[in-house]
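The structure under discussion appears below in the form of structure tokens.
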Amino acid sequence: MYLLDQVKNQITAIIQRALERAVAQGALPAEILDNSGMIALEVPREETHGDWATNLAMISARAARMAPRKIAEILASYMDLTNSSVEKVEVAGPGFINFHLNPTWLNQVIGEVQTAGSQYGQLEIGEGEAVQVEFVSANPTGPLHVGHGRGAVVGSVLANLLGKAGYQVQREYYINDAGNQIYNFGLSLEARYFQALGQDVSVPEDGYHGEDLKILMAEVVAEVGDKYLDLEPEERRTILTKFALKRKLADIERDLREFRVYFDNWFSESQLHQEGAIEDTVRELQANGSIYDDGGALWLRSTQYGDDKDRVVIRENGIPTYLAADLAYHKNKFERGFSKVINIWGADHHGYISRMKAGVAALGFDPESLIVKIVQLVTLLRDGEPVAMSKRTGKLVTLAEVIEEVGVDAARYFFIMRSADSQLDFDLSLAAAHTEENPVFYIQYAHARIASILRQAADLGHLPQLAVGQSLGDVINLATVDVSLLTNDSELALLKKIAFWPEEVKVAALTMEPHRIARYAHELAGAFHSFYNASRVISADSALTMARLSLVDTVGIVLRTALDVLGISAPERM
RNA sequence: GCGCCCGUGGCUCAGCUGGAUAGAGUGUCUGACUACGAAUCAGAAGGUCGCAGGUUCGAAUCCUGCCGGGCGCGCCA
């Protein structure tokens, strides 16, 4: 258990005991114990209000039929603070009980972090439960564009975060390599192939108009010439499609790897078709009465599970819809034993959630364990002006281009720094700028500065030179360092920020809000910069120097850990 | 028309399982480098939290209605 939780438990226990004694001695009515199971501690906004506060007296006022302040005062008077980190308790405002801690509780933080290293903040709330995060899953019919970038980062950071919280996470990419759109893809490829051979053929209106296919087919022609001209159209398209899918997928994988986005499993839709999984799923749904025939098509009774209308799964022409494949896919996922199946989808797919959940329920799984996280759209800007994009003509800004322009670190940070619920303005010029306006560098600069201080300290003989990946605890005996010398405001603020990292991970994981980690990293960097400007680390006072160096190194560890979750590099120099 | 997301200082956004005087970055203004990296720091100004009701001891936060922006509403994926 981390220090922060120990302290919280201490305070909760103090309140609990005060409650019991006050009731036992008749100072408070027994009804008040009804609320004692839910003693909530919160961090007051105002620093003068202490380190922690509880609103217990206020929420108990009704049951106890007493004024909140009165309850608070009685409770406070029954509190026993001996052997605790709580230095002072006060009643304030409408009935808050504020707890002021003795700053010495922070003395152990440095040791805690140094011992845990990169494992600091590793939690067990996931209890090793297997969960899956499926994200990106872009059609392998074209390059990844900016919109995919956000999903890629949100998904990968969420997966990292859940791992940090103690879940067993699988990262999966669903390859839509079957069905109608692949048929269309084949037609477009065929047209481009003919064009490459000089024929006057146009790409179908609803086909794929990207330049990339033109280039790809030119390549095919260069290699095999008009060899496919005489084949049956179906065979020709199959050959071209197979070739193109393989290439496009390889491109996608390469772009993602470049973007530090990795998958444990690439799951192919066509596999479901080959295995007959779709038919099996439909049959199962028919057997349990979730599917009916109307007008020659098969419909899923999704309204029974909260959807607006029933949905077609098998068309009149006998071809399954996308939903049918997705039902089979999700059945497959749940059968693999995940307790949570998490999907990251773009905002344009939100209308699909209720039917998907209905389908999952119809298949006998808990729809609550299917969690769909919607990521809102990205508006790409340059110097504050929207970048013109047209999906129709295939003129989209690709993810690879964005990375090329602003770099992986900045791109990742910009995609993750806002809540996924909010639409995102991604300003290329800002992300690319190596100036004070750019928050990525603010964080990285803190890390580089830390590395620089440690180098300097080693040069001056205060400690051995640290290798990359080494921390202070690896090269000196920390027991000889007196961290209680760290007492000024900026030092305490920094220590406190460090102590909150596990809590930060917990909240971000439970709410599945990875952007909180980006915020945290920024705040930690800020606390460090303030400290740096307020306190000279290396001085003539060697005891203080060592204490501050251990603090500096500890900040470095936490900063690296947070950046690691974000998939952003922590440079030693900039 | 229905559904989902958003509406918070000039700009971009946090805060949203209700809590005490609404925060950050940027921009503007004022200061800090003859010692560890000024890609930094300290300070100031700047807000009817879209509007109107409601719930409550207490609402940016929950509920209802309206207004504004985005996205979706296929036997497409």
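So that the names make sense, note that chain A is the first sequence line, chain B the second, and so on, each numbered from 1.
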> Taking protein heavy atoms under 4.0 Å as touching, what does nucleotides 67-77 of chain B look like 5' to 3' if B marks base contact, S marks sugar-phosphate-only contact and - marks none?
Replying inline: --BSBSSSBSB

>> Using the side-chain contact (heavy atoms from CB on, under 4.5 Å) criterion, which residues pair with A/N139? Sequence neighbours excluded.
In response: A/T141, A/N176, A/Q181

> For A/S422, which contact category applies under a 4.0 Å heavy-atom criterion: base, sugar-phosphate, or nothing?
Replying inline: sugar-phosphate

> For A/E572, which residues count as a side chain to side chain donor-acceptor pair (under 3.5 Å) partner, sequence neighbours excluded?
Replying inline: none

> Among all residues two or more places apart in sequence or in another chain, which pass the side-chain contact (heavy atoms from CB on, under 4.5 Å) test with A/H515?
Replying inline: A/S419, A/E513

> How does protein reach along nucleotides 22-29 of chain B, written 5' to 3' as B (base within reach of a heavy atom under 4.0 Å), S (only sugar-phosphate), or - (no contact)?
Replying inline: SS--SS--

> side chain to side chain donor-acceptor pair (under 3.5 Å) with A/E523: which residues, sequence neighbours excluded?
Replying inline: A/K497

> Taking only residues two or more places apart in sequence or in another chain, which ones pass side chain to side chain donor-acceptor pair (under 3.5 Å) with A/K8?
Replying inline: A/E503

>> Please enumerate all residues that pass side chain to side chain donor-acceptor pair (under 3.5 Å) together with A/S137, with sequence neighbours excluded.
In response: A/E134

Counting only pairs under 3.5 Å, give me each side-chain donor-acceptor contact of residues 50-57 of chain A, with atom names and distances, residues two or more places apart or in other chains.
from: A/D51; atom 1: OD1; to: A/K496; atom 2: NZ; distance (Å): 3.0
from: A/D51; atom 1: OD2; to: A/L101; atom 2: N; distance (Å): 2.7
from: A/T54; atom 1: OG1; to: A/A40; atom 2: O; distance (Å): 3.0
from: A/T54; atom 1: OG1; to: A/L56; atom 2: N; distance (Å): 3.2

> Between which residue ranges does RNA chain B form stems of three or more consecutive Watson-Crick or G-U wobble pairs, both distances under 3.5 Å?
Replying inline: B:1-7 with B:67-73, B:10-13 with B:23-26, B:28-32 with B:40-44, B:50-54 with B:62-66

> Which residues satisfy the ring-ring contact (aromatic ring centres under 6.0 Å, His included) test with A/F441, sequence neighbours excluded?
Replying inline: A/H434

>> Using a 4.0 Å heavy-atom cut-off, does A/S535 contact any base of the nucleic acid, only the sugar-phosphate backbone, or nothing at all?
In response: base

>> Once you apply a heavy-atom cut-off of 4.0 Å, does A/D425 come out as touching a base, just sugar-phosphate, or nothing?
In response: sugar-phosphate

>> Students often get this wrong, so: under 4.0 angstrom with heavy atoms, is A/S419 touching a base, only sugar-phosphate, or nothing?
In response: sugar-phosphate

> What does A/A448 touch in the nucleic acid at a heavy-atom separation under 4.0 angstrom: a base, only the sugar-phosphate, or nothing?
Replying inline: base

Sort me out a list of protein N/O and nucleotides 60-62 of chain B N/O pairs below 3.5 Å, or just none if empty.
none

>> Nearest to the A/S530 side chain among B/C6, B/G19, B/A42, which nucleotide is it?
In response: B/A42

